[in-house]
A.B. asks: 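Provided herewith is a single structure, encoded as C-alpha cells, for subsequent inquiry.
Order of the sequence lines sets the chain letters (A, B, ...), proteins ahead of strands, with each chain counted from 1.
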Amino acid sequence: MRSELRIYNTLTRESDIFKPLHSGYVGMYVCGPTVYSNAHLGNARTYVSFDIIYRYLLHLGYKVRYVRNITDAGHLEGDRDEGDDKFAKKAKLEQLEPMEIVQRYTLDFHEVLKQFNTLPPSIEPTATGHIIEQIEMTKKILANGYAYEANGSIYFDVEKFSAEHNYTILSNRNLEELLNNTRELDGQNEKRGRLDFALWIKAKPEHIMRWQSPWGEGFPGWHLECSAMSSKYLGNEFDIHGGGMDLIPTHHTNEIAQNLACHHTQPAKYWIHTNMLTVNGQKMSKSLGNSFLPAELLSGNHPLLDKGYSPMTVRFFMLQAHYRSTLDFRNDALQAAEKGLERLMNGLQMVEKLKPTGKSSFSVQDIKEKVYKAMNEDFNTPIALSHLFDATRYINLVNDGKEQISAADLKDLQEFMQNFVLNVLGLKPEEANAGALTDDLMQVIIGIRAAAKGKKDFETSDFIRDKLKEIGIEIKDSKEGTVYKIG
RNA sequence: GGUCCUGUGGCCGAGCGGCUAGGCAAAGCUCUGCAAAAGCUUCUACAGCGGUUCGAAUCCGCUCGGGACCUCCA
C-alpha cells in the first residue's frame with residue numbers, strides 16, 4: 001500500500017494530503033513567463049520543477065490539464081500607471097513591433113524548455129488572446145463594488161476588499177504594516193489606497209499595445225490575465241496553482257483577490273511555490289544581471305563556468321535539490337552533477353543487460369516503495385534519487401555476481417528504472433553525438449587497434465589511443481569490448 | 001526600516017525530536033599489456049552559546065553569518 005501524496009500548500013503553510021476536486025482529474029495553472037527577453041536558467045528551474053510535478057501526477061494516473069500562460073501584454077515597468085509596458089519599451093529599443101518581440105522570445109522560451117526535456121502544457125494561452133475575458137472580469141469586479149474608475153483606468157480597491165476578506169492570506173503579511181511600509185510612488189494620485197492595483201490601464205498616446213474597452217483605449221493590468229485565463233480553462237475553482245516564490249506577495253495575492261471579488265471563490269485549493277536559483281548566494285535575475293543563458297551553459301562561455309554542461313546535467317542538478325529550497329548555481333556543483341547523472345544513466349543501461357541469477361538477495365519492492373514515498377512527500381526528488389542510486393549500486397553488484405536477483409524482480413526493476421528515470425524524472429540519455437558515418441569510421445579504427453593489440457603491438461594501439469585523445473575522442477577498454485566517447 | 005526564510009562533512013545537497021540520505025571529491029581495492037573508464041569498499045557533519053527533553057542537526061531563546069520579499073522578476 002502506497003502512501004498518499006502530500007503537497008506543501010502555501011495557503012495553509014502545511015503539507016496537505018492531495019485530493020483533487022474531481023476524482024481522477026487535476027487542473028493545474030502555472031504562471032508562465034513574460035516574454036520580453038531570453039529565458040534564463042532561473043526561469044528554467046521553475047518550469048522544470050513543475051514539469052516533475054506534472055509528470056508525477058500523470059504517472060499516478062491522473063488526467064491532468066496543465067495550463068501555463070504566456071504574458072505578452074500589459075506587464076508594466078513598476079506598478080505605476082504611467083509606466084510603459086515591457087513589450088512596447090523593448091520594441092522601441094530594438095525598432096520592432098511589440099508582437100515581434102513576443103514572437104522572438106516565445107520561441108526562445110519554448111526552445112529552452114524543450115532542451116530541458118519538459119513536457120508542453122495542455123494549454124498555453126496568451127494575455128493578448130484574452131483581452132475580452134479580462135475586460136469582462138474587470139466589469140464584474142466593478143459591478144461587485146471592488147474596483148473604481150479613475151481617469152480611464154480601473155483600480156482594485158484593496159481596502160474595500162480587505163474589509164471582507166483576508167487580502168494577505170497567501171503571504172501571511174500584516175496588512176497594517178504593508179500599508180505603512182509601502183513606498184510612496186510617484187504618479188499614484190489616481191489610486192485611493194496605496195495597495196490598490198490596476199485592473200485596466202488607460203493607454204497614453206505613446207502606448208502601442210492598446211485595446212478598446214468601455215473605459216476607453218487601454219490595456220490590462222498584469223495580475224488580471226492569470227485570473228481570467230485560469231477561470232476560463234480550469235473553472236472558478238481548480239486544484240493547483242503554481243509559480244515562483246517571488247510571485248507570492250503581489251501577483252498571486254492579487255490574483256486571489258480578483259477571483260474572490262469576481263467569482264466569490266478562492267481559485268486554487270493548493271498553491272505551490274518553487275524557490276529561486278541563486279548565483280553566489282544571490283537570486284539569479286535579469287535585473288541583477290547575474291543570469292545564465294542556456295546558450296552560455298552549453299558552451300561554457302561564461303566567467304563562472306570552466307566548461308559547458310548539457311541541459312540534462314542541469315536538469316539532474318536541479319532534481320538533486322528540493323524545489324522549495326534555494327539552489328546555488330556553481331561550476332563545481334555542476335561538475336558533480338555531471339558525474340552523478342552519468343552514474344545513474346550507466347545503471348539504467350546496465351539493468352537492461354542483467355541476467356536473472358535465481359533468488360533475490362535484496363528487495364526491489366523495498367526500493368520502489370522508498371522512491372514513491374519520497375515523491376509522495378511533496379515531490380522530494382533528492383530522496384527519490386538517493387534510492388535510485390541505491391538501486392544502481394545493487395544493479396552493479398548483481399553484475400559483479402555479489403548480489404542475486406530473480407527473473408521476476410529483474411523485470412520489475414527494469415521497468416521501474418526505465419519508467420521512473422525517463423518518464424517521471426524526465427532524464428534522457430545524452431544523444432550520441434556521432435553521426436552514422438563517424439560511428440562506422442570509429443568501428444574501423446577500433447578494429448585496427450584491436451588487431452594491433454592482438455599481436456601485442458602496443459606501440460601502435462597506444463598511438464591510436466593517444467592520437468584520438470588529442471582530438472577529443474576517448475577510448476575505453478572494457479570486458480564487453482572497446483567503446484569511444486566524443487567530447 | 002518592516003516581514004519572512006536560512007546556516008549540515010573538502011564541495012553540492014536531503015533529513016526537521018531517537019533508526020545519523022545521496023551525489024561529487026579523496027583513499028584503498030577489482031578489472032587491465034599499460035592506461036583510462038567503470039565498479040566495489042571506506043570516510044560521519046549539523047554556525048556559536050544557553051535552555052526544554054530520558055534523548056536535538058531537528059523544538060525554544062540569544063549572538064553572529066547568508067538570503068528573499070516590501071519595486072519588474074520564475
Side-chain angles (χ1 to χ4, degrees), chain A residues 30-34 36-37 39-50 71 75-80 83 85-86 168 171-174 176-178 180-183 185 195 222 242-251 273-278 280-288 291 316-317 320-322 324-344 346-347 350 370 374 377 380-390 392-393 395-397 399-400 402 453 456-458 461-462 465-466 469 474-480 482-483 485:
Chain A
V30 173
C31 290
T34 305
Y36 66 97
S37 65
H40 66 247
L41 259 18
N43 302 310
R45 153 113 115 148
T46 297
Y47 302 114
V48 165
S49 296
F50 282 106
T71 297
H75 201 159
L76 291 176
E77 291 281 349
D79 193 12
R80 282 168 247 190
D85 96 39
K86 284 194 166 169
T168 53
S171 66
N172 205 24
R173 291 241 162 97
N174 182 311
E176 292 301 310
E177 278 165 3
L178 263 186
N180 294 328
N181 287 322
T182 302
R183 277 187 222 164
L185 296 170
L195 295 176
W222 173 37
M245 272 183 183
D246 48 357
L247 299 181
I248 295 172
T250 311
H251 182 56
H273 291 98
T274 58
N275 216 137
M276 301 292 112
L277 190 63
T278 61
N280 290 327
Q282 275 215 313
K283 175 179 169 180
M284 183 183 289
S285 77
K286 287 166 194 165
S287 41
L288 282 172
S291 46
F316 176 81
F317 168 71
Q320 276 191 304
H322 187 90
R324 283 194 294 113
S325 304
T326 53
L327 175 62
D328 204 46
F329 197 78
R330 303 186 44 198
N331 186 69
D332 38 359
L334 242 26
Q335 182 84 50
E338 187 175 64
K339 290 290 193 65
L341 175 63
E342 204 174 335
R343 180 174 158 82
L344 185 67
N346 285 348
M350 180 63 79
K370 282 175 174 166
E377 283 171 9
N380 199 324
T381 50
I383 297 215
L385 274 173
S386 80
H387 296 300
L388 255 16
F389 274 109
D390 279 344
T392 299
R393 198 180 68 250
I395 289 165
N396 290 327
L397 284 167
N399 184 243
D400 286 354
K402 290 174 184 160
K453 276 177 72 175
K456 298 223 183 289
D457 178 7
F458 298 126
S461 67
D462 288 354
R465 188 173 66 197
D466 294 345
K469 197 172 181 187
E474 200 171 23
I475 289 285
K476 301 172 200 172
D477 294 329
S478 69
K479 274 181 279 183
E480 289 81 25
T482 300
V483 292
K485 192 177 147 193

A.B. asks: Taking any heavy-atom pair under 4.0 Å as a contact, classify A:Lys283: base, sugar-phosphate, or nothing.
C.D. replies: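 Result for A:Lys283 = base.
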A.B. asks: In terms of side-chain heavy atoms of A:Thr34, which of B:rA74, B:rC24, B:rA37 is nearest?
C.D. replies: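 Side chain of A:Thr34 sits closest to B:rA74.
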A.B. asks: Specify the residue among A:Phe316 and A:Leu288 whose closest nucleotide of RNA chain B lies further upstream toward the 5′ end.
C.D. replies: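 Its nearest nucleotide being more 5', the pick is A:Phe316.
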A.B. asks: Under a 3.5 Å cutoff, is there a donor and acceptor pairing between the side chains of A:Lys86 and A:Thr34?
C.D. replies: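 Checked: A:Lys86/A:Thr34 side chains show no N/O donor-acceptor pair below 3.5 Å.
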A.B. asks: As a test of your reading of the structure, name each stem of RNA chain B as range with range, where a stem is three or more consecutive Watson-Crick or G-U pairs at under 3.5 Å.
C.D. replies: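 So far as stems of 3 or more pairs are concerned, RNA chain B shows B:1-7 with B:64-70, B:10-12 with B:22-24, B:26-30 with B:38-42, B:47-51 with B:59-63.
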A.B. asks: Nucleotide by nucleotide, 5' to 3', does protein get under 4.0 Å of the base (B), only the sugar-phosphate (S), or neither (-) in nucleotides 5-12 of chain B, counting heavy atoms?
C.D. replies: ------SS
A.B. asks: Of the nucleotides B:rA74, B:rA68, B:rC40, which one has an atom closest to the side chain of A:Thr46?
C.D. replies: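 Of B:rA74, B:rA68, B:rC40, B:rA74 is nearest to the side chain of A:Thr46.
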A.B. asks: Do side-chain atoms of A:Thr168 reach the backbone of A:Ser171 as a donor and acceptor pair under 3.5 angstrom?
C.D. replies: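 It does not hold such a pair.
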A.B. asks: Salt bridge (Lys or Arg N to Asp or Glu O under 4.0 Å) with A:Arg173: which residues, sequence neighbours excluded?
C.D. replies: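 Scan of A:Arg173 (salt bridge (Lys or Arg N to Asp or Glu O under 4.0 Å), adjacent residues dropped) gives none.
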A.B. asks: Which residue lies toward the 5' end of RNA chain B, A:Lys286 or A:Pro249, if each is placed at its nearest nucleotide?
C.D. replies: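 Nearer the 5' end of the strand: A:Pro249.
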A.B. asks: Output all residues satisfying salt bridge (Lys or Arg N to Asp or Glu O under 4.0 Å) with A:Asp390, sequence neighbours left out; order by chain, then residue number.
C.D. replies: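 By the salt bridge (Lys or Arg N to Asp or Glu O under 4.0 Å) rule, A:Asp390 matches A:Arg393.
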A.B. asks: Would you please confirm or rule out a distance under 4.0 Å between OP1 or OP2 of B:rA38 and any side-chain N or O of A:Asn346?
C.D. replies: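 No, because none of the side-chain N or O atoms of A:Asn346 sits under 4.0 Å from OP1 or OP2 of B:rA38.
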A.B. asks: Classify the side chain of A:Asp462 and the base of B:rG33 as holding, or not holding, a donor-acceptor pair under 3.5 Å.
C.D. replies: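 Under the 3.5 Å cut-off, the side chain and the base do form a donor-acceptor pair.
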A.B. asks: Let me have a per-nucleotide readout for nucleotides 15-20 of chain B, 5' to 3', with B, S or -, counting only protein heavy atoms under 4.0 Å.
C.D. replies: S-----
A.B. asks: With respect to the side chain of A:Glu474, which nucleotide from B:rG33, B:rC40, B:rA37 is positioned closest?
C.D. replies: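 So the side chain of A:Glu474 is nearest to B:rA37.
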A.B. asks: Assign A:Asn396 to base, sugar-phosphate, or nothing according to its heavy-atom contacts below 4.0 angstrom with the strands shown.
C.D. replies: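 The residue A:Asn396 makes sugar-phosphate contact but no base contact.
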A.B. asks: Residues in salt bridge (Lys or Arg N to Asp or Glu O under 4.0 Å) with A:Lys283, at least two apart?
C.D. replies: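 Salt bridge (Lys or Arg N to Asp or Glu O under 4.0 Å) list for A:Lys283, sorted by chain: A:Asp246.
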A.B. asks: Would you kindly check whether a donor in the side chain of A:Arg465 faces an acceptor in the base of B:rA36, or vice versa, at under 3.5 angstrom?
C.D. replies: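 There is none.
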A.B. asks: Answer with base, sugar-phosphate or nothing: what part of the nucleic acid does A:Thr274 contact at a heavy-atom distance below 4.0 Å?
C.D. replies: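 No contact.
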